Structure formats: structure tokens, C-alpha cells
Visitor: 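Please see the structure below; I have some questions.
Quick caveat: nothing in here was measured; it's all calculated off a predicted structure.
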Amino acid sequence: MENYIHVPEGAPAVPKFNVTVDENDFRSGALKLMKELRPQWKPSEVKMKFFTDGITNKLIGCYVGSVMQKVVLVRVYGHKTELFLDRENEVKSFRVLQAHRCAPRLYCTFNNGLCYEFLQGTALEPEHIRSSSVFRQIARQLAKYHAIHAHNGWVPKSDLWLKMGKFFSLVPTHFQDPGQNLRFSQEVPSAACLRDEMLWLQQSLSVLGSPVVLCHNDLLCKNIIYNQSAGATAPPAGEGETALSGHAQLLSAPVKTCHSPVLYCTRTGHALHNNSRPCCETSGKDRSRPGNVKFIDYEYAGYSYQAYDIGNHFNEFAGVNEVDYSQYPGRELQLMWLRAYLEAYKEYKDQSAAVSHTEVEVLYVQVNRFALASHFFWGLWALIQAKYSTIDFDFLGYAILRFNQYFKMKPEVTALTFP
């Protein structure tokens, strides 16, 4: 299969345990998993921290002792997410990225989730990814992902349209709540309109010549982790922005040790810890930089268009909880970002030619047009979540925001011309 992710030979096997963790009464199930993964831990001494605020999955941190060290993360899949997420593909993506030292250790899977290790670093906010020193590192890390060869000789094909079609088939036709249903019928485009737009996207974007690469596909700010190297300071904010420490959202009270509080990731509820083992190996050039970035959460990873992955990230400059599309990066910032990306991509692909002005301009047009597909994709996703998710979040309102921005942006980006 052209969109099949091939796990390299020699990659560590991942055990699967016949355990189901109840998202509302998780301790007994989590203890069964710890018995397999950490048999030396006494059940009576295992402490658990339930992390809230994720809007796809539920997350529990298991540990022993007075400080959250050597934590095992237990992620319980969100209600009905198996309808639109390929969990087998997620595990393959996880293993491929782990083999390239770009993911934490995956300890196991179980009936309705997986367990893995803590990551080191601090989740970023929208204001930090505008900083030149930070966005160049993000561009470089994304280029590293895109250069990974994981298709076992096939010429890879994007699964974007397949996923989008599946999402569309799951979009609800109505809601039981009268107020929600009225809002849905008045503010969300009709099914016929969505179908026409989806067809237009596929016909218009698939011919733009964007390479199909291994993509993260969900590079929102809090899925980007800044890792402070020895002696480094927090990532600088852009002009008029504040330092990171004032914006990282904390879920646990600070502990009076050298260990930092726990942080969370907005879309998927992924927890982070500042003093756990680094997961992504850096090159000699990367090590010389004041800190580096890595990405987390791979459940949407797969083969897709290079320009889609970048355009999706640019859309996330607007944030998730308080969306502000005036923060979408302007042309000047984009051109700098794209040049940094292309330089790194060519380096990882062992291409010696310098990046030309034309290459940057072509990618600029591709990325901004594919940003439309990102709005449409997450709009469909939010409608499905509005029907099935048990998490307290205004998914319907988020869908309306994404579709509104799609139609606002469409004439602007379709007017862009290639050099």
C-alpha cells in the first residue's frame, strides 16, 4: 500500500495487554498495567495524577515516591475516537519516530489506549513560535520528519483525502439538544456545501505538486516542546511578547525540588515534564543551539502533502482555546520560515543545491492553499467530536470558527500565483 507506514526491522516490539481502563474509574486498570510494566512497584504505593483539559483523550500519570519521577503515562483513548482514528497506524508512526529518536519510548498498548514515557521540555504558546530562534528550530525539526523514509520502497501517496472522506461520512446530521441543533443548522455549512468544497479541495490541491512525505499532521503549539539545553534560557518571545514562564499552563502545584510542574497539551491531553529523559537525538549542528524543539502526539501522523503539514502549523499560530486568526503569519515571516525549512530539508535529504528564491515562492503558494484543507479537516473533526466526545469543550463553536476562516481565506489564497 502506498500510504502504508513501514516499521523498520529491528525496532523494539511493543507488547499488547488485554486490559481495559475505565476512563471514569481508572485506578484498577492502570494498576494492572503497572503490574506488567513496573512489577517492582507496590500497588499500594502507586500514585496517579489525572490530567484534565485534553480534548481528544484522557491521560493518567503513574509514579511512586513523593516526586513525579520515572512517570509512566497511561493514555486512554477518547470516547468513539476509534471511528475516525487509525490506532494501529498511530502505533506504527510512534515506532517509526522512536526508531529515528524523535519519540519517547512506547511501553505497551492495551485495549483502549497505550503507555509511554514522559518527555522533557516545555509546551509552547502561540506567541513563542513567532520568535525567529524558535521558528527556525521548528522548521528544522519538521524537515527532519519529512525526510524520514518509512514507505519500504513504495512511492508514497497521501491519505489526506481518504481521512477527510471518512470524517465527512461521520459528521452528524442533527443534535439532540435543541439549542445546539439550532446553532448547527444556522451556522454550519450544509452537507451538500461541505461535499462540494471537499471535492473542490481534492481537485485543486492534489495537482499543486507538493511532495508526499511522512507528516505530523497536528502541529499545534502545545505539541511543540522546547527543550532547554545546558545553560540555555527559556525560548524568547517575539516583539512585545512575554517570557515563556508566564504562559505555560500548569496542572499541578510546584514541588519543592529541582523538578518542574507538569504541563499539558491542549488537543490531546498529553502531559510533559521538564526533567525526564530527552527523546529526540540532535545532530552536531543542533547541539550548538541554545535549546531545541521536538514534537509530541502522533495519532494523526501519516503520509500527506508537505505543504499541508506546514499550512496546518501556520493555522495553529491562532491558538486553540482563544482563537485569533489575525495571528496567522504574514508573508515576510512565512518566507523566512519556509527558507529555513527548505535549507534543513535539503540537508536531511543530502541535496547540496542552495535554496532558490523560486523554490521558496512556490512553497509559499502551496502552503497557503493547503492551509484551506487544514481548516476544513479540523472543522469536520470538531463536528464529530461535538456529537461523541465526553470532554467539556465547545466543539461545535470550534467547527464554526474553522469553517468561517476557510471561506474567508479561500478567495485570498486561490488568487495567489506561482512564480
Visitor: Taking the inter-plane angle between the rings of Trp381 and Tyr300 on a 0 to 90° scale, is it parallel (under 30°), tilted (30 to 60°) or perpendicular (over 60°)?
Guide: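 Because their plane-to-plane angle is over 60°, the rings of Trp381 and Tyr300 count as perpendicular.
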
Visitor: Is the distance between the ring centroids of His313 and Phe295 under 6.0 Å?
Guide: no

Visitor: Flag yes if more than 12 heavy atoms outside Glu412 fall under 6.0 Å of its CD atom; otherwise flag no.
Guide: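 More than 12 heavy atoms, drawn from other residues, nucleotides or ligands, come within 6.0 Å of this atom.
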
Visitor: Between Ser356 and Thr358, does any side-chain donor sit less than 3.5 Å from a side-chain acceptor?
Guide: no

Visitor: Are the side chains of Pro12 and Gln98 in touch, meaning some heavy atoms are under 4.5 Å apart?
Guide: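 Yes, side chains in contact.
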
Visitor: Taking the six-membered ring for Trp, are Phe110 and Phe17 closer than 6.0 Å centroid to centroid?
Guide: no

Visitor: Sequence neighbours excluded, which residues qualify as ring-ring contact (aromatic ring centres under 6.0 Å, His included) partners of Tyr328?
Guide: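 None.
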
Visitor: Within a strict 4.5 Å, meaning less than it, do heavy atoms of the Leu383 and Phe395 side chains meet?
Guide: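 Answer no - side chains too far apart.
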
Visitor: Sequence neighbours left out, what pairs pass ring-ring contact (aromatic ring centres under 6.0 Å, His included) with at least one residue falling in residues 187-215?
Guide: none

Visitor: Between Glu117 and Lys70, does any NZ, NE, NH1 or NH2 come within less than 4.0 Å of an OD or OE carboxylate oxygen?
Guide: no

Visitor: If you draw a 6.0 Å radius around CG in Asn18, do more than 12 non-hydrogen atoms from other residues or ligands fall strictly inside?
Guide: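 Atom CG in Asn18 is not crowded, with 12 or fewer foreign heavy atoms closer than 6.0 Å.
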
Visitor: If a pair satisfies salt bridge (charged side-chain N to carboxylate O under 4.0 Å, His left out) and one of its residues is in residues 362-377, list it, with sequence neighbours excluded.
Guide: none

Visitor: Sequence neighbours left out, what passes side chain to side chain contact (heavy atoms under 4.5 Å, CB included) with Thr173? Give chain and number order.
Guide: none

Visitor: Could you list all the salt bridge (charged side-chain N to carboxylate O under 4.0 Å, His left out) pairs where at least one residue sits in residues 188-206, not counting sequence neighbours?
Guide: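 Salt bridge (charged side-chain N to carboxylate O under 4.0 Å, His left out) check on residues 188-206 returns Glu197-Lys410.
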
Visitor: Kindly indicate whether the side chain of Tyr77, heavy atoms from C-beta on, has any atom under 4.5 Å from the side chain of Glu82.
Guide: no

Visitor: Only counting residues at least two apart or in another chain, list the ones meeting ring-ring contact (aromatic ring centres under 6.0 Å, His included) with Phe376.
Guide: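 For Phe376, the residues satisfying ring-ring contact (aromatic ring centres under 6.0 Å, His included) (neighbours in sequence not counted) are Phe403, Tyr406.
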
